[in-house]
Structures are given as structure tokens and as C-alpha cells.
**Q** 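What follows is a structure written as C-alpha cells; I'll ask about it next.
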Amino acid sequence: MEHLPSGKAPGIDGIDNFPIKIIHKWLNNTFPTLSIKCLHISCFPDSLKIGNIILFQKRGKEQRLASTYRPISLLPTIRKVLEKLMTHRLTYHLESTNSLKDQQHGFRDGKSVDTAINELLSKIQTARRDDKHVLVLFIDIKEAFDNLQHRAIIKSLDASTCPVNINRLFYNLLENRKVTLLLHFVALPCG
């Protein structure tokens with residue numbers, strides 16, 4: 001909670017990070033207790049599944065083109081806190097059951113882009129030392145996370161060793177999501 005950035009725009013609930021930090025400081029079991037309750041009943045509150053989308057206009061771009069605008073989704077702060085706690089629970093389970101591949105460097109403690117690059121360089125050096133050829137292919141899927149289909153997430157969860165209540169909670173989180181598009185445009189500096 002202490003790592004929540006201050007001054008971020010709130011979601012539809014109008015609550016920014018500052019009061020969340022205060023609540024956590026004085027009542028530090030509130031959010032973990034809420035998270036455990038959500039996990040126990042496999043339910044994520046529908047009121048926290050509503051986001052506001054604001055379109056920021058990129059400077060110097062033609063106003064009539066859709067690519068001129070960058071959508072920003074403003075989510076309820078409590079939702080972000082609960083999602084973070086849920087993600088920690090899921091990650092803990094996957095790590096403790098060795099369900100993640102060693103080659104996965106993203107979203108893991110102790111691993112990063114740097115560790116991925118070091119591993120790649122080590123394999124290249126070993127191959128060169130052994131007089132072998134090396135072929136490296138990098139693929140960058142534009143907006144991969146934003147375009148990930150919920151069916152694919154659910155299918156991965158079903159194939160995992162996760163307990164049923166974790167799977168059901170994530171299914172529930174993905175259901176009945178709603179967004180409101182706020183149609184005032186804000187110019188963004190590009191550079």
C-alpha cells in the first residue's frame with residue numbers, strides 16, 4: 001500500500017490513493033480481509049468493475065484520426081488494491097507449485113528484462129564457444145495485453161493447478177466489466 005503513487009486520478013468512485021494509504025496505515029487488515037472474503041466467496045464486487053475512459057489527444061496529430069487519441073482507463077482505487085492482492089495470491093500459488101517456466105522473466109520477483117538479456121547473452125556466448133549457430137527472433141505484439149481475450153485467460157486458468165476458488169474469483173473479475181467513455185479531450189505532449 002505504501003507504494004501506491006500519490007496524485008493519480010481516481011476512478012468512478014472518486015477516491016484517490018491518499019485516503020487508501022491512510023486507511024491501510026490505521027486499519028492495516030482492512031484490504032487483506034476484504035481480499036480474503038472475495039477469495040472465499042469467489043466474487044469480485046460489480047461496483048468495482050466500472051472504469052472511466054478518458055481520451056488524451058496527442059499533440060501534432062490529425063484530430064479526425066482514431067490513432068490521434070490515447071485512451072486512459074481510470075479504475076476505482078479499491079479495485080486496483082484488490083487486484084494487486086489477488087495477483088499476489090495467484091503468483092504465490094504459481095511460484096510455490098513451480099507452475100511457471102524458468103524462461104518467464106516478466107512479472108516475477110528477482111527476474112526482469114535485465115535477467116532475460118543476461119540469460120540470452122550467456123546462451124549466445126555458449127553457442128559461439130561451441131561453434132554453433134545462433135538465431136534469435138524477437139516479436140513485439142502491439143498492445144498485446146490490451147487485446148488479450150478473456151477466453152484465453154480463462155482457458156489458461158482452467159489448465160493450471162490453481163485452486164478452484166482462485167479461478168472462480170478471476171472468472172468473476174472478468175465478468176460484467178463496464179466502461180464509461182468521457183468525451184472531453186486533453187492534449188498530450190509527445191516526445
Side-chain angles (χ1 to χ4, degrees), residues 1 3-21 23-24 27 29-58 65-95 99-100 104 106-109 139-186 188:
M1 297 295 168
H3 300 296
L4 282 173
S6 298
K8 291 286 187 177
I12 198 165
D13 59 2
I15 302 170
D16 77 18
N17 292 343
F18 183 71
I20 298 297
K21 287 179 173 185
I23 290 169
H24 179 66
L27 305 167
N29 284 334
T30 301
F31 297 111
T33 301
L34 182 57
S35 173
I36 290 167
K37 188 65 172 174
C38 288
L39 186 59
H40 179 70
I41 63 173
S42 301
C43 182
F44 196 90
D46 282 346
S47 60
L48 299 178
K49 296 179 188 179
I50 302 169
N52 286 335
I53 295 180
I54 296 176
L55 298 177
F56 284 92
Q57 183 180 353
K58 299 173 189 173
L65 298 175
S67 62
T68 298
Y69 301 95
R70 186 172 139 217
I72 304 292
S73 181
L74 302 175
L75 302 171
T77 304
I78 295 171
R79 171 194 173 144
K80 291 185 267 186
V81 170
L82 286 176
E83 280 184 1
K84 187 120 182 134
L85 292 169
M86 288 170 52
T87 302
H88 281 301
R89 179 67 184 99
L90 177 61
T91 302
Y92 172 79
H93 173 77
L94 294 173
E95 292 278 359
S99 297
L100 299 174
Q104 180 178 330
F107 305 103
R108 295 186 72 185
D109 286 340
I139 299 174
D140 183 13
I141 301 172
K142 185 177 179 181
E143 300 173 356
F145 184 76
D146 293 334
N147 292 314
L148 189 61
Q149 293 185 355
H150 292 173
R151 285 190 312 271
I153 297 170
I154 289 169
K155 187 175 178 180
S156 292
L157 283 170
D158 285 341
S160 76
T161 60
C162 288
V164 174
N165 61 336
I166 292 177
N167 288 1
R168 285 186 187 149
L169 181 57
F170 276 92
Y171 300 160
N172 188 267
L173 172 63
L174 296 172
E175 292 177 334
N176 301 322
R177 295 161 60 115
K178 296 176 177 69
V179 294
T180 303
L181 180 61
L182 304 177
L183 290 175
H184 70 225
F185 302 104
V186 180
L188 267 184

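Everything numeric in this text was worked out from a predicted model, so none of it was measured.
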**Q** For the atom pair SG (C162) and CG (L90), what is the distance rounded to the nearest 0.5 Å?
**A** 5.0 Å

**Q** List in chain and number order the residues that pass salt bridge (charged side-chain N to carboxylate O under 4.0 Å, His left out) with R168, two or more places apart in sequence or in another chain; answer none if no residue qualifies.
**A** none

**Q** Quick check for you: to the nearest 0.5 Å, what is the distance between I153 atom CD1 and F170 atom CZ?
**A** 9.5 Å

**Q** Tell me the closest heavy-atom pair linking H150 and L174, and the distance in Å.
**A** ND1-O, 3.6 Å

**Q** Nearest 0.5 angstrom please: T180 OG1 to I12 CD1, how far?
**A** 5.0 Å

**Q** More than 12 heavy atoms of other residues, nucleotides or ligands under 6.0 Å from NZ of K80: is that the case?
**A** yes

**Q** Show your reasoning for whether side-chain contact (heavy atoms from CB on, under 4.5 Å) applies to E175 and F44.
**A** CA-CA 9 Å; E175 292 177 334; F44 196 90; over 6 Å; no

**Q** With T91, which of E95, H93, R89, H88 fulfils side-chain contact (heavy atoms from CB on, under 4.5 Å)?
**A** E95

**Q** Which atom pair, heavy atoms only, marks the closest approach of R79 to L48?
**A** CD-O, 3.0 Å

**Q** With side chains defined as the heavy atoms from C-beta onward, is the minimum distance between P76 and I15 less than 4.5 Å?
**A** no

**Q** Do you know which two heavy atoms are closest between L75 and G51, and how far apart they sit?
**A** CD2-CA, 3.9 Å

**Q** Could you go through N172 and S42, starting from their C-alpha distance and side-chain angles, then the distance that decides it, and tell me whether this counts as side-chain contact (heavy atoms from CB on, under 4.5 Å)?
**A** CA-CA 7 Å; N172 188 267; S42 301; 6.0 Å; no

**Q** Calculate, to the nearest 0.5 Å, the distance between atoms NE2 and CG belonging to H40 and L169 respectively.
**A** 12.5 Å

**Q** As an exercise, state the distance from SG of C43 to CG of D46, rounded to the nearest 0.5 Å.
**A** 6.5 Å

**Q** Between I36 and L85, is a side-chain contact (heavy atoms from CB on, under 4.5 Å) present by the stated rule, with each step listed?
**A** CA-CA 9 Å; I36 290 167; L85 292 169; over 6 Å; no

**Q** Give me the atom names and distance for the closest heavy-atom approach of L157 to N167.
**A** O-ND2, 3.1 Å

**Q** State whether the side chain of S156 and the backbone N or O of A152 hold a donor-acceptor pair below 3.5 Å, judged by distance alone.
**A** yes

**Q** Restricting to non-hydrogen atoms, name the atom on M86 and the atom on L173 that form the minimum distance, rounded to 0.1 Å.
**A** CE-CD2, 3.8 Å

**Q** For I166 and L39, what are the C-alpha separation, side-chain angles and deciding distance, and is it a side-chain contact (heavy atoms from CB on, under 4.5 Å)?
**A** CA-CA 6 Å; I166 292 177; L39 186 59; 3.7 Å; yes

**Q** Which heavy atom of S99 sits nearest to which heavy atom of T161, and what is that distance?
**A** OG-OG1, 3.3 Å

**Q** Taking atom CG of L74 and atom CD1 of I54, what is their separation to the nearest 0.5 Å?
**A** 4.5 Å

